[in-house]
Each structure stands twice: as structure tokens, then as C-alpha cells.
Amino acid sequence: MKLAEALILRSDLQKRIEQLKNRLRNNVMVQEGEKPSEEPGVLLEELDDCLLELTDIIKRINKTNNATKFDKEWTLADALAERDKLWEKRLVLSHITEAASVKQDRYSRTEIKYISVVNVKELQKQIDKLSKEYRELDTKIQGLNWTIDLI
């Protein structure tokens, strides 16, 4: 199995676990004299199976990420951490830019006037640069995922 396939499987298992949690929530209480539409015991067994499978696949993905060279300096795990850092920084700058760009209407001279204390144009350039770096790194990671065998 390729790493990319394992990542898809992990995502599917996470979705399935969420669905099982919702189904359990919907079937643990019924009106007196009624029966649940699904047996909670069966759902719990299915949940246990999914959790075991998810745990196994996550361990294998993590081992693969730690053992795979991304380039001369980084493992794949390092590249993923760098990608996450780029995304977080971009997200913070984006929120700052959004907050600083809000135009407030004043209806009289006595209302408080707010001014931006950051250079929105410069922040937007940084956001664009981070977005490009993120896309390029993510593309390399995604390409590598389809060539690596899962450990």
C-alpha cells in the first residue's frame, strides 16, 4: 500500500468513526416500550474495530513519515511540520489583515475613529509568499506520498 492510500484510508476511518459516534448517540436512549433502530452493542463493536484499524494505520503512517527522506536535510515528517508552520503563519496574517481592513462607518465627529496600525499591503505580500511556499511544499509532499510504500 502506498502512503497516499493509507492517508485516504485514515480519513475514511475518521469519518466512519464520527458516523458511528452519532449513530450511538441516536440509539442509546429510546422511549419506554420502544426499541433502538440499531443495537448499541453492535455499534460499539464496530467502533472498536474501526479504532483499532485507525490506530494501526496512524502508527504505520507515522513510522513511514519518520523513516522517509524528503530531501538532503528533512524527513517527510519534518516537511509536514514545516508545511503546517507555513499554514499557521499564513492563517494568522490573514486574520490580522482582515481585521485591519475593516472599514468602520462614522456617523458623527464624536464617534471614535479607528486606524490600522499594520501595513495591510505588506502583510498581503507576506500572505501571498507564504501561500506560494505552502502550495509548492504541499505539491512535493503529495507527489512523494504516491511513490512511498507504507511501512
How long is the straight-line distance from CD of Glu122 back to CG of Leu93, given to the nearest 0.5 Å? 10.5 Å
Would you check if Trp87 and Leu137 make a side-chain contact, meaning some heavy-atom pair closer than 4.5 Å? no
Does the pair Ile57 and Leu150 meet the rule for a side chain to side chain contact (heavy atoms under 4.5 Å, CB included), with working shown? CA-CA 9 Å; Ile57 202 77; Leu150 191 66; 3.8 Å; yes
I'd like to check Gln126 versus Ile96 (side-chain heavy atoms, cut-off strictly below 4.5 Å). Are they in contact? no
Sub-4.5 Å side-chain heavy-atom contact between Leu123 and Asn119: no
Between Glu18 and Lys15, is there a salt bridge with N-O shorter than 4.0 Å? no
Contact between Met1 and Asp149 at the side-chain level, heavy atoms closer than 4.5 Å - yes or no? no
Grab the two heavy atoms, one from Ser131 and one from Arg90, that are nearest each other, plus how far apart they are. OG-NE, 2.8 Å
Over 12 foreign heavy atoms within 6.0 Å of NZ, Lys63: no
If hydrophobic clusters are built by linking Ile, Leu, Val, Met, Phe, Trp and Tyr wherever their side-chain heavy atoms come under 4.5 Å apart, do Leu20 and Leu44 end up in the same one? yes
Counting distance only, does the side-chain N/O of Asn27 pair as donor-acceptor with the main-chain N or O of Pro36 below 3.5 Å? no
Under 4.0 Å between a Lys/Arg side-chain N and an Asp/Glu carboxylate O for Lys129 and Glu133? yes
Do other residues, nucleotides or ligands put more than 12 heavy atoms under 6.0 Å from the CD atom of Glu5? yes
Any heavy-atom pair between the side chains of Thr55 and Lys59 that's under 4.5 Å? yes
Sidechain N-carboxylate O distance under 4.0 Å for Glu88, Lys85: no
Between Asn145 (side chain) and Leu3 (backbone), is there a donor-acceptor pair under 3.5 Å? no
Indicate yes or no for a side-chain donor-acceptor contact from Asp56 to the backbone of Leu52 under 3.5 Å, with no hydrogens or angles considered. no
Looking only at heavy atoms, the pair that brings Ser101 and Val120 closest together is OG-CG1, 3.5 Å
Do Leu24 and Lys21 pass the side chain to side chain contact (heavy atoms under 4.5 Å, CB included) test, and can you show the C-alpha distance, the side-chain angles, and the key distance before you say yes or no? CA-CA 5 Å; Leu24 273 163; Lys21 285 194 243 178; 5.7 Å; no
For Arg23 and Asn26, run side chain to side chain donor-acceptor pair (under 3.5 Å): C-alpha distance rounded to whole Å, both residues' side-chain angles, the deciding distance at 0.1 Å, then the answer. CA-CA 5 Å; Arg23 288 165 58 196; Asn26 293 334; over 6 Å; no
Under a 4.5 Å side-chain heavy-atom rule over Ile, Leu, Val, Met, Phe, Trp and Tyr, are Trp74 and Ile141 clustered together? yes
Lys35 side chain reached by Val30 side chain, heavy atoms, under 4.5 Å: no
Minimum heavy-atom distance Tyr134-Arg83, with the two atoms named: CE1-CG, 3.2 Å
Pairwise distance CG(Leu80) to CG(Asn66) - rounded to 0.5 angstrom: 9.5 Å
Go through it in stages, so that I can follow the logic: the residues are Leu54 and Gln14, the test is side chain to side chain contact (heavy atoms under 4.5 Å, CB included), and I'd like the CA-CA distance, side-chain angles, deciding distance and then a yes or no. CA-CA 7 Å; Leu54 178 63; Gln14 289 169 331; 4.0 Å; yes
OG on Ser11 to CD1 on Ile8, rounded to 0.5 Å: 8.5 Å
Flag the pair Leu9 / Glu53 as yes when at least one side-chain heavy-atom distance between them is below 4.5 Å, and no otherwise. yes
Okay, side chain of Thr147, backbone of Leu144: is any donor-acceptor separation there less than 3.5 Å? yes
How close do Cys50 and Ile17 get, counting heavy atoms only, and between which atoms? CB-CG1, 3.7 Å
